[in-house]
S.K.: 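My questions all concern the structure below.
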There are 2 protein chains.
Amino acid sequence: MTLDSRTTWAAPAELIRTLQEARQLYRPRKIGRGHELYRQGECSTKFYLIDSGLIKISIFREDGTEVILEFMGSGTICGEGAALDRLARFSSAVAVEDTELLEFDTAGWSDEEQGMAPVLMALMRITALKQRVLALRLEQLFSREPENRIMELFHRLAQMAPQIPESSIAVLPQLTHEHIAAMTGMTRVTVTRALHRLRSRGNVIQHDGRFRLAGSTESVQKGA
Amino acid sequence: MTLDSRTTWAAPAELIRTLQEARQLYRPRKIGRGHELYRQGECSTKFYLIDSGLIKISIFREDGTEVILEFMGSGTICGEGAALDRLARFSSAVAVEDTELLEFDTAGWSDEEQGMAPVLMALMRITALKQRVLALRLEQLFSREPENRIMELFHRLAQMAPQIPESSIAVLPQLTHEHIAAMTGMTRVTVTRALHRLRSRGNVIQHDGRFRLAGSTESVQKGA
DNA sequence: CGGAAGGGGTATCGCAGTATACCGAGTTGA
DNA sequence: TCAACTCGGTATACTGCGATACCCCTTCCG
C-alpha cells in the first residue's frame, strides 16, 4: 500500500482494515494504466478497495464534458454506490496508474437474515442512493445555462414523484422560484426568467401554480 | 403515512419497510412546524425515518445563504450521514409541516461482532463519508467567485492529505489547472487567472508545481 | 376589512466568466 | 535530435447573470 500523492480522498484506516480482513469477500485484481475499471451506465454488484495506484472517478455529461469527482488512491473505495443501490453506474472509473485493488461483490449479500444485517443492508442502500443523487446534482451544477440547471432538477424530481398514469406528464413538487434558486445556485430573478423561456418553448407546463414536465422521458432540448 | 406532494425525495418502499419492522431500534417522535430537528455543526448518532409531514434539509453557507438539499416527505430518511460517520452534522433539518417520525440511534450499533455486521458497518460509514463530501462539494459550487471555489476545494483536499508536521502548511495533490477546472465547474482559463490572484494574495503558495496552503485552518479571506 | 408578507414579473447596469485563439516552456518518445 | 503533446500564461470580444430596485397580485391574519 504505497502512498500516491495525487489522491483526493481518504477513508479512516480502521474501516479499511475491517474490509481488508474479510478475505472471503474479495479477490485481488490488477488493472493497467489507462484501462477502465467500470463505465457509467453499466450495472454491476462489484465495488473496489484500492491497494495501490490511482483511479480517476468522473461523470461524463451529455455534451461530452467530464466532471471529475475524485482521484482515488490507496486506502479508498470506489464503485460501492451502484453496487449497493443496484442501479446503473453513475460514474466511470479509469486507472491513471497501474493499480492493485480488491474486488468485492455484493451479489449474495442480501441472503443473510439474522441480526442487524437486514437493517444495515437497507440503510446502506438508502445511503448509497443519496450518494447517487448528490453526485448527479453536483454534475447538474456544471451546466451553465439556467434552463438546463432547472430542467435537470425537474427531471430528477419527476423520477421521484408519482407519475400520472394516463399521461406521460409528471407533476412536480410545489416549489417557489426561490426554492428552485436555492437548489440550483442561481438567483430568484434568473429562475423566473429561465422558467419563462422554458414555458414558451413548451418544455414546462404550469397549471395552477404547479409545474409539469412535457415528455419527461427524453432529455432537454439543448440550445440550437 | 400520508403523501406530501412537496417532497423532493423517495426511497424504495421495501427498504423503508425493513427499517419500520425493526421496532426495537427506534422510538416515534413528533416535531412541530417550524421547529428544528437537528442543526449543522452538532454531533449526534440519531437519524430519522419520516412518517408524515415535511422536513427541509439545507446547508447554510458562511455568507449566510441557504443551499437547500431536499424536502424530505414520508418514506424518506434524513440525518443518517452524520449518524453513521460520527462527524458533525453537515446540514440542518427544519420541519416545514408538523411531522411524525421514527428516531433511530446508531450509538450501540458497533457492538455486534458476528456475521456480516462489522463489514457492513464499515462500508456504511465510508458510504456516509462520501455522501458528506458530495454534499459539501455541492455547497461549494454555490460560490460564484472562482477564488472561493478553488479555495474550498483546496481546503477539503488539505483535510484529506497528510499534513507536514513541522509547519501548518498542507501539501495538496498534484492537480493540473485542467483537473481543477473539471472539479470545480470552471474553464481552465478561469482557473489559471484565479490561481494567479490567489498566489499574489498569498493564499496559495506554489512550489515546484505543487500547491500549498498557507494557514489551512482559517477560511478564505473574502472579497473586501 | 385592511395591513403585512410572500411570491413572482420586470427593468437597468456593470462586470466577469466563457469561448476562442495563440504562444512559449517543458516533457516524452521515436 | 526533432516532433508531438501537455501545460500554463495571456489577449480579445461577447453575453448573460448577479445585484438591485420597483411593482402588482394573492394570501394570511389580526
Side-chain angles (χ1 to χ4, degrees), chain A residues 6 33-34 56 61 63-68 71 94 96-97 140-153 172-201 204-211 222-224, chain B residues 6 33-34 56 61 63-68 71 94 96-97 140-153 172-201 204-211 222-224:
Chain A
R6 294 189 285 164
R33 167 180 180 163
K56 181 179 70 176
R61 299 179 50 78
D63 61 9
T65 58
E66 180 181 11
V67 175
I68 298 179
F71 288 93
V94 174
V96 178
E97 303 284 323
Q140 286 171 15
L141 291 193
F142 281 64
S143 277
R144 318 208 183 287
E145 309 79 29
E147 285 95 320
N148 282 334
R149 285 209 192 186
I150 293 177
M151 285 309 279
E152 290 181 31
L153 171 68
L172 301 175
Q174 288 178 327
L175 294 170
T176 68
H177 293 190
E178 214 133 24
H179 288 152
I180 297 173
M183 297 181 88
T184 56
M186 304 181 292
T187 61
R188 204 265 310 161
V189 176
T190 303
V191 170
T192 300
R193 278 195 291 235
L195 277 173
H196 227 239
R197 275 171 267 162
L198 286 170
R199 252 177 287 153
S200 66
R201 276 193 225 157
V204 168
I205 302 154
Q206 203 164 11
H207 200 60
D208 31 72
R210 313 204 47 168
F211 297 110
K222 308 243 162 148
Chain B
R6 293 190 284 166
R33 167 180 180 161
K56 180 179 72 176
R61 298 177 52 76
D63 61 8
T65 58
E66 180 182 11
V67 174
I68 299 179
F71 289 94
V94 174
V96 178
E97 305 282 322
Q140 286 172 13
L141 291 192
F142 281 64
S143 277
R144 317 209 183 287
E145 308 78 27
E147 285 94 321
N148 282 334
R149 285 208 193 185
I150 292 177
M151 285 308 280
E152 291 181 30
L153 171 68
L172 302 174
Q174 287 177 327
L175 294 170
T176 67
H177 293 192
E178 213 133 24
H179 288 154
I180 298 173
M183 297 181 88
T184 55
M186 304 182 292
T187 61
R188 203 265 309 161
V189 176
T190 303
V191 171
T192 300
R193 278 195 292 233
L195 277 174
H196 228 240
R197 275 171 268 163
L198 286 171
R199 251 178 288 154
S200 65
R201 277 193 226 156
V204 169
I205 302 155
Q206 203 164 10
H207 200 59
D208 32 70
R210 311 204 48 166
F211 297 111
K222 308 238 163 150

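A quick note: this is a predicted structure, and the numbers were derived from the prediction, not measured. Lettering follows sequence order; numbering is per chain, from 1.
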S.K.: Which one, C:dT12, C:dT18, D:dT20, comes nearest to the side chain of A:V189?
M.R.: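 Nearest nucleotide to the side chain: D:dT20.
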S.K.: Quick one: are A:F71 and A:V96 in side-chain contact, heavy atoms under 4.5 Å?
M.R.: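 A side-chain contact under 4.5 Å exists here.
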S.K.: Provide, to the nearest angstrom, the distance between the CE atom belonging to A:M186 and the P atom belonging to D:dA19.
M.R.: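 In whole Å, D:dA19 P and A:M186 CE are 13 Å from each other.
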S.K.: Taking atom C1' of D:dC17 as reference, at what distance in whole Å does atom CG of A:L195 sit?
M.R.: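 Those two atoms, CG and C1', are 15 Å apart.
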S.K.: Looking at B:R188 and B:E178, would you say the former's side chain and the latter's main chain have a donor-acceptor pair under 3.5 Å?
M.R.: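 Absent.
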S.K.: Let me know the distance between CD of A:E178 and C1' of C:dG9, rounded to the nearest Å.
M.R.: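 Spelled out: CD on A:E178 to C1' on C:dG9 is 13 Å.
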S.K.: Measuring from the side chain of A:R199 (C-beta onward, heavy atoms only), which nucleotide among D:dC7, C:dA11, C:dG9 has the closest atom?
M.R.: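 Per side-chain heavy atoms of A:R199, the pick is C:dG9.
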S.K.: Considering just the side-chain nitrogens and oxygens of B:T192, establish if one lies under 4.0 Å of OP1 or OP2 belonging to D:dT10.
M.R.: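 For D:dT10, neither OP1 nor OP2 has a side-chain N or O of B:T192 closer than 4.0 Å.
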S.K.: In this structure, how many angstroms lie between the P atom of C:dG7 and the NE2 atom of A:H177, rounded?
M.R.: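 Value for this atom pair: 11 Å.
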S.K.: Rounded to the nearest angstrom, tell me the gap between atom CG in A:L175 and atom C1' in C:dG8.
M.R.: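 Answer to the nearest Å: 15 Å.
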S.K.: To the nearest Å, give me how far apart CZ (B:F211) and C1' (D:dG8) are.
M.R.: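 Interatomic distance, CZ of B:F211 to C1' of D:dG8: 10 Å.
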S.K.: Is there a side-chain contact between A:R197 and A:E147, using heavy atoms and a 4.5 Å cut-off?
M.R.: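 Yes, at least one pair of side-chain atoms sits under 4.5 Å.
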S.K.: Distance check needed: D:dC17 C1' versus A:H196 NE2, whole Å only.
M.R.: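 One finds 18 Å between C1' of D:dC17 and NE2 of A:H196, rounded.
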S.K.: Check the distance between D:dG18's P and B:N148's CG and give it to me in whole angstrom.
M.R.: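 Distance, rounded to whole Å: 16 Å.
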S.K.: Do A:R188 and D:dG18 have a side chain to base donor-acceptor pair shorter than 3.5 Å?
M.R.: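 Flag unset: no donor-acceptor pair detected.
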S.K.: What nucleotide, of D:dC17, D:dT20, C:dG17, holds the atom closest to the side chain of A:R197?
M.R.: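 Output: D:dC17.
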S.K.: Any idea which heavy atoms bring A:A182 and B:E66 closest together, and the distance?
M.R.: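 Looking at all heavy atoms of both residues, the shortest contact is CB-O, 3.6 Å.
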S.K.: Looking at the side chain of A:T187, which of C:dT10, D:dG18, C:dG17 is the nearest nucleotide?
M.R.: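 That would be D:dG18.
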